Amino acid sequence: MTGSVVAIGMGIAVIGAGLGIGTIGAKAMDAIARQPEAVGDIRSNMILMAALVEGAALIAIVMCFLVK
Amino acid sequence: MIRFLQIFFFSLVLSISLGAQGHNHNHQGDGHNHDHSGHNHDHGAHDGHNHGSHDGHHHGEKSHSAHGGDHSHAPTCGGDHHGEFDPGETAFHHIADANVYSIGPLQIPLPCILYAPKKGWDVFMSNKFKFKTIGHGDGSKAYNGYVLDGGSIRRVKDAGFPEGEPVINGFIHHDKKSYVCVGNKMYETEAKSTADGGLFGGGITSFYDFSITKNVASMILVVLFLSWLFLGMAKQYKIREGMAPKGKQSFMETMFVFIQDEVAIPFLGNKYMKFLPFLMALFFFILGLNLFGQVPFFGGSNVTGNLGVTMVLGILAFIVTNMNGNKHYWEHILWMPGAPAWVKTILTPVEVLGIFIKPLTLMLRLFANMTAGHMVVIIFVSLIFIFGELGENLVGGYGTAVASTLLTLFMMSIELLVAFIQAFAFTILTASYIGAAVEEHDDHH
């Protein structure tokens with residue numbers, strides 16, 4: 001039973017991270033289309049932002065393990 | 001989106017394995033209720049070392065047939081140990097560290113340095129366990145109370161375990177516990193101590209493993225390779241000064257300049273030369289190990305997917321960041337200038353917590369990404385055995401093998417991308433943390 005609760009918790013954490021990273025990716029594509037010469041700057045900032053959003057999701061997933 | 005997919009698969013895989021374990025547990029609960037009488041008869045010898053809860057897991061042959069068609073796995077010594085295929089357990093086994101180095105099916109012994117409190121040190125080569133050169137790394141003999149179970153050393157805690165080098169009949173894995181068979185008796189074994197508080201392992205157990213394990217051996221190999229590469233390059237730069245780069249020099253220079261121009265200079269400004277060696281060491285160490293972990297059949301090491309390794313990398317980033325923090329950095333953490341006093345009381349604890357959360361996320365990100373990638377590959381391979389029902393269903397097995405190979409190829413090409421992205425993300429985040437710590441604030445307040 002606790003296994004399924006953990007799975008649901010991780011699923012919810014992943015939805016949040018998915019929305020966040022999806023938005024980052026979409027906006028970065030938009031920005032690259034508008035200004036193709038800035039592709040290098042945009043790409044590294046995109047990865048930086050995605051990594052920060054992912055960090056929150058990872059902490060949530062680890063918490064799921066700890067709380068069970 | 002790749003990140004998202006990976007986290008998604010990771011959670012999927014974990015939920016499958018957790019769900020499967022939950023199912024097994026309920027099932028054994030049933031067994032416990034209606035065949036406890038058969039237990040004493042079949043395993044009288046085993047009663048000497050009761051572990052309370054696992055009594056109910058041994059049911060005799062009679063009750064086994066009473067279960068009908070399902071393949072319930074009764075752990076008894078001398079019987080058929082092939083139970084249900086558990087993809088979760090298989091995946092965890094394959095990403096774990098080991099005391100043998102495997103190249104394909106070939107198992108190579110490694111030195112073992114073990115310490116058990118009250119018992120002292122044990123230093124020997126892992127071929128003392130007499131495992132088969134081509135096989136799964138199961139030792140056929142015990143040594144000083146240690147056994148080699150699937151490539152990893154485990155210790156028998158039971159005092160009744162025979163001294164010296166008794167012959168092992170087999171290993172049993174059941175309900176998250178592992179047992180070793182000597183004669184007709186089962187002895188519970190336990191894994192080495194881990195510092196993760198039982199999160200992905202057992203926590204502190206009865207022995208510590210300081211061995212040159214598979215991961216350590218891979219790390220040494222990669223470090224030697226990187227030293228050869230970079231020392232050679234440095235020499236070439238001296239010899240060929242003013243000339244165009246050549247060979248490995250021109251190959252590595254693009255990556256080196258990329259990290260310098262995209263990571264070090266934008267975040268660290270004019271102080272970048274001081275931190276460039278640290279950032280480069282981080283990037284190439286992580287990249288080298290990530291790529292080495294992708295090589296199929298050679299070592300199969302998962303060094304950057306090991307929480308201990310990423311923890312040390314995170315601690316290094318933490319030390320470098322905070323040792324170089326200037327007055328402004330500490331002021332912004334401990335007593336944020338320009339904020340009202342009541343806001344400061346909330347802000348200060350959050351900022352102090354932030355110092356520790358930053359390296360923690362660095363550690364978890366690298367670990368989770370590498371582990372998730374390796375697990376997805378293993379699960380795709382496991383699909384063959386799930387649909388083939390362990391060789392009973394040939395159509396299912398061969399049919400899935402084709403699809404599974406394609407999926408694995410696809411996943412491994414994504415993994416190649418992830419190896420670069422994660423090394424880059426680790427470096428760029430470390431650079432941004434260091435950059436925030438050394439930044440000068442001349443322009444405002």
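Note on naming: letters A, B, ... go to the chains in the order of the sequence lines (proteins, then strands), and numbering restarts at 1 for each one. None of these values were measured; they are calculated from a predicted model.
We find the CG-OG distance between B:Asp261 and A:Ser44 to be 11.0 Å, quoted to the nearest 0.5 Å. Atom-to-atom distance recorded for B:Ile428:CD1 and A:Asn45:CG is 7.0 Å, nearest 0.5 angstrom. Interatomic distance, CG of A:Leu52 versus CG of B:Leu429, reported as 5.5 Å (0.5 Å rounding).
The shortest side-chain heavy-atom distance between A:Glu54 and B:Thr361 does not fall under the 4.5 Å cut-off.
When heavy atoms are compared at a cutoff of 4.5 Å, B:Leu362 does not approach chain A at all. Heavy atoms closer than 4.5 Å to chain A are found in the side chain of B:Phe424, but not in its backbone. If you measure heavy-atom distances from A:Ile24 to chain B, you find no contacts under 4.5 Å at all.
The minimum heavy-atom distance linking B:Ala425 with A:Ile47 is given by the pair CB-CG2, 4.2 Å.
Although no hydrogens or angles enter the test, the distance criterion places a donor-acceptor pair under 3.5 Å between the side chain of B:Arg365 and the main chain of A:Ala51.
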Derivation and outcome, side chain to side chain contact (heavy atoms under 4.5 Å, CB included), residues A:Leu48 and B:Phe267:
CA-CA 12 Å; A:Leu48 182 68; B:Phe267 285 101; 3.8 Å; yes
